[in-house]
There are 2 protein chains.
Amino acid sequence: MAASLDLIFSALSDPTRRQILTLLLEDDMAVTDVAEPFEMSLAAISKHLSVLSNAGLIQQERRGRVKWCKVDPDAMQAAWAWMQGFGHFNPLDLDGLEAHIEKTLQNS
Amino acid sequence: MAASLDLIFSALSDPTRRQILTLLLEDDMAVTDVAEPFEMSLAAISKHLSVLSNAGLIQQERRGRVKWCKVDPDAMQAAWAWMQGFGHFNPLDLDGLEAHIEKTLQNS
DNA sequence: GCGATCGTCAACCGAATGGTTGAATATCCT
DNA sequence: AGGATATTCAACCATTCGGTTGACGATCGC
């Protein structure tokens, strides 16, 4: 379900939601567990999760009284594809970056 | 100047601003020319442009009474790099490409 | 100098956003 | 059955957002 770019970018614009996504990247989690590291109410996190779900960035599946959340990279890919039109972005190459910095420092 | 992901994603979440970016991708333009295709006031476009500029997505340079705007892909790369952590997105993905083309046509 | 053009500023407006709290619903456990 | 746990709902609040309009300061061309 490819949600609109409006919803995707808007969902990604909030730091709490981006942090939730990185959390979920490591492991699927229940709502309560997602909320644990944050200093805000459970209801607030629940809202953030439904924003993410609405944007297609996560999928939620209820098993019993627990609702499991997992990242769905498809929506992110849609946004990523849109951005591709603005340039050929190279994947982060930390080794290359380090080498470049070192070389730059040597030459200065 | 890499602006925060908050500002970048937030700027990209508005369809008018994304449309402005695709406009500027084809050619650098003055504020009035950017505003021409839109059915909203010049002041509104001026605000959108300053949001984009604030996010680092465009650069503006004043020459005389005309302010020229051009895309700056660096900020987009920052957002792109963040997303990169969520999967190895394939640039040859046809669905994404098709979506991008469709969007571009819609916005022109 | 004067009128036209370019762009921003300031004040305002309605709607959306991000948060709170307290009650409600549904499920699990014993 | 009854109590604890998981999650959402509903109402509310302050702030931000996207838009308008009208006035304003610069700058250009004649």
Side-chain angles (χ1 to χ4, degrees), chain A residues 3-24 27-71 75 79, chain B residues 3-24 27-72 75 79 107:
Chain A
S4 71
L5 291 177
D6 286 30
L7 291 178
I8 296 171
F9 282 126
S10 177
L12 291 176
S13 74
D14 184 89
T16 301
R17 286 194 289 266
R18 287 198 308 276
Q19 203 173 332
I20 289 176
L21 285 175
T22 62
L23 270 183
L24 290 177
D27 220 341
D28 299 358
M29 299 172 77
V31 174
T32 305
D33 296 330
V34 170
E36 195 272 334
F38 296 93
E39 294 187 347
M40 74 180 68
S41 71
L42 182 61
I45 297 293
S46 178
K47 278 195 201 175
H48 280 305
L49 285 170
S50 77
V51 170
L52 288 170
S53 174
N54 223 306
L57 289 162
I58 67 170
Q59 283 181 3
Q60 293 180 292
E61 178 197 1
R62 174 150 235 140
R63 271 204 299 272
R65 63 180 162 176
V66 173
K67 200 170 194 176
W68 294 92
C69 312
K70 70 172 181 184
V71 173
Chain B
S4 72
L5 291 177
D6 285 31
L7 291 179
I8 296 170
F9 282 126
S10 177
L12 291 176
S13 73
D14 184 89
T16 301
R17 286 193 289 264
R18 287 199 307 278
Q19 203 172 335
I20 289 176
L21 285 175
T22 62
L23 269 184
L24 290 178
D27 220 340
D28 300 356
M29 298 172 77
V31 174
T32 304
D33 296 330
V34 170
E36 194 271 334
F38 296 93
E39 293 187 348
M40 73 180 68
S41 70
L42 181 62
I45 297 293
S46 178
K47 278 194 199 176
H48 280 305
L49 286 170
S50 76
V51 170
L52 288 170
S53 174
N54 223 306
L57 289 161
I58 66 169
Q59 283 182 1
Q60 293 181 290
E61 178 197 0
R62 175 149 235 141
R63 271 205 299 273
R65 63 181 163 176
V66 174
K67 201 172 194 174
W68 293 93
C69 313
K70 69 172 181 185
V71 173
D72 181 0
N107 289 344

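Order of the sequence lines sets the chain letters (A, B, ...), proteins ahead of strands, with each chain counted from 1.
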Student: When the distance from CG of B/Leu49 to P of D/dG19 is rounded to whole Å, what number comes out?
Tutor: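 Whole-Å distance recorded here is 12 Å.
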Student: Please give me the minimum heavy-atom distance between A/Ala55 and A/Ala75, naming the atom from each residue.
Tutor: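 Residues A/Ala55 and A/Ala75, closest heavy atoms: O-CB, 3.5 Å.
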Student: For the residue pair B/Leu12 and B/Leu57, establish whether any side-chain heavy-atom pair is separated by less than 4.5 Å.
Tutor: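 The answer is yes; the side chains approach within 4.5 Å.
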Student: Measure from CG on A/Asp6 to P on C/dA16 and round the result to the nearest Å.
Tutor: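 So the CG-P distance, A/Asp6 to C/dA16, works out to 13 Å.
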Student: So do A/Leu24 and A/Lys70 actually touch side chain to side chain, heavy atoms under 4.5 Å?
Tutor: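 A/Lys70 does not reach A/Leu24 side chain to side chain.
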Student: Among the nucleotides D/dT8, C/dT8, D/dT20, which one has an atom lying closest to any side-chain atom of A/Gln60?
Tutor: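 Comparing D/dT8, C/dT8, D/dT20 against the side chain of A/Gln60, the answer is D/dT8.
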Student: Starting from the C-alpha separation in whole Å, work towards a yes-or-no answer on side-chain contact (heavy atoms from CB on, under 4.5 Å) for A/Phe38 and A/Ile20.
Tutor: CA-CA 9 Å; A/Phe38 296 93; A/Ile20 289 176; 3.8 Å; yes
Student: Counting side-chain heavy atoms from C-beta on, which of C/dC6, D/dG18, D/dT20 comes nearest to B/His48?
Tutor: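 Among the listed nucleotides, the one closest to the side chain of B/His48 is D/dG18.
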Student: Looking at every strand, decide which applies to B/Ser41 at a 4.0 Å heavy-atom threshold: base, sugar-phosphate, or nothing.
Tutor: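 Base contact.
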Student: In plain terms, say whether B/Arg18 and A/Asp6 are close enough for a salt bridge, that is, a side-chain N and a carboxylate O under 4.0 Å apart.
Tutor: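 Yes.
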Student: Separation of B/Ile20 atom CD1 from D/dG19 atom C1', in whole Å?
Tutor: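 The distance from CD1 of B/Ile20 to C1' of D/dG19 comes to 13 Å, rounded to the nearest Å.
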Student: Keeping to residues at least two apart or across chains, list the side chain to side chain donor-acceptor pair (under 3.5 Å) pairs with something in residues 51-61 of chain A.
Tutor: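 Pairs touching residues 51-61 of chain A that pass the test: A/Gln59-A/Asp72, A/Glu61-A/Arg63.
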Student: Heavy-atom nearest nucleotide on DNA chain C for A/Leu42 versus B/Ala30: which residue maps closer to 5'?
Tutor: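 With A/Leu42 and B/Ala30 compared, the 5'-side residue is B/Ala30.
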Student: Report all interatomic pairs (protein N or O, nucleotide N or O of nucleotides 10-17 of chain D) with separations under 3.5 Å.
Tutor:
none

Student: Decide yes or no for B/Cys69 and B/Asp28: does some side-chain heavy atom of the first lie under 4.5 Å from some side-chain heavy atom of the second?
Tutor: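 The answer is no; the side chains never approach within 4.5 Å.
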Student: Using atom names, set out every protein N or O paired with an N or O of nucleotides 28-30 of chain D below 3.5 Å, distance rounded to 0.1 Å.
Tutor:
none

Student: Could you state the CD-C1' distance from B/Glu36 to C/dG7, rounded to the nearest angstrom?
Tutor: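 Atom-to-atom, B/Glu36 to C/dG7, this comes out as 17 Å.
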Student: Is there side-chain contact between B/Ser4 and B/Leu7, with at least one heavy-atom pair below 4.5 Å?
Tutor: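 Yes, their side chains come closer than 4.5 Å.
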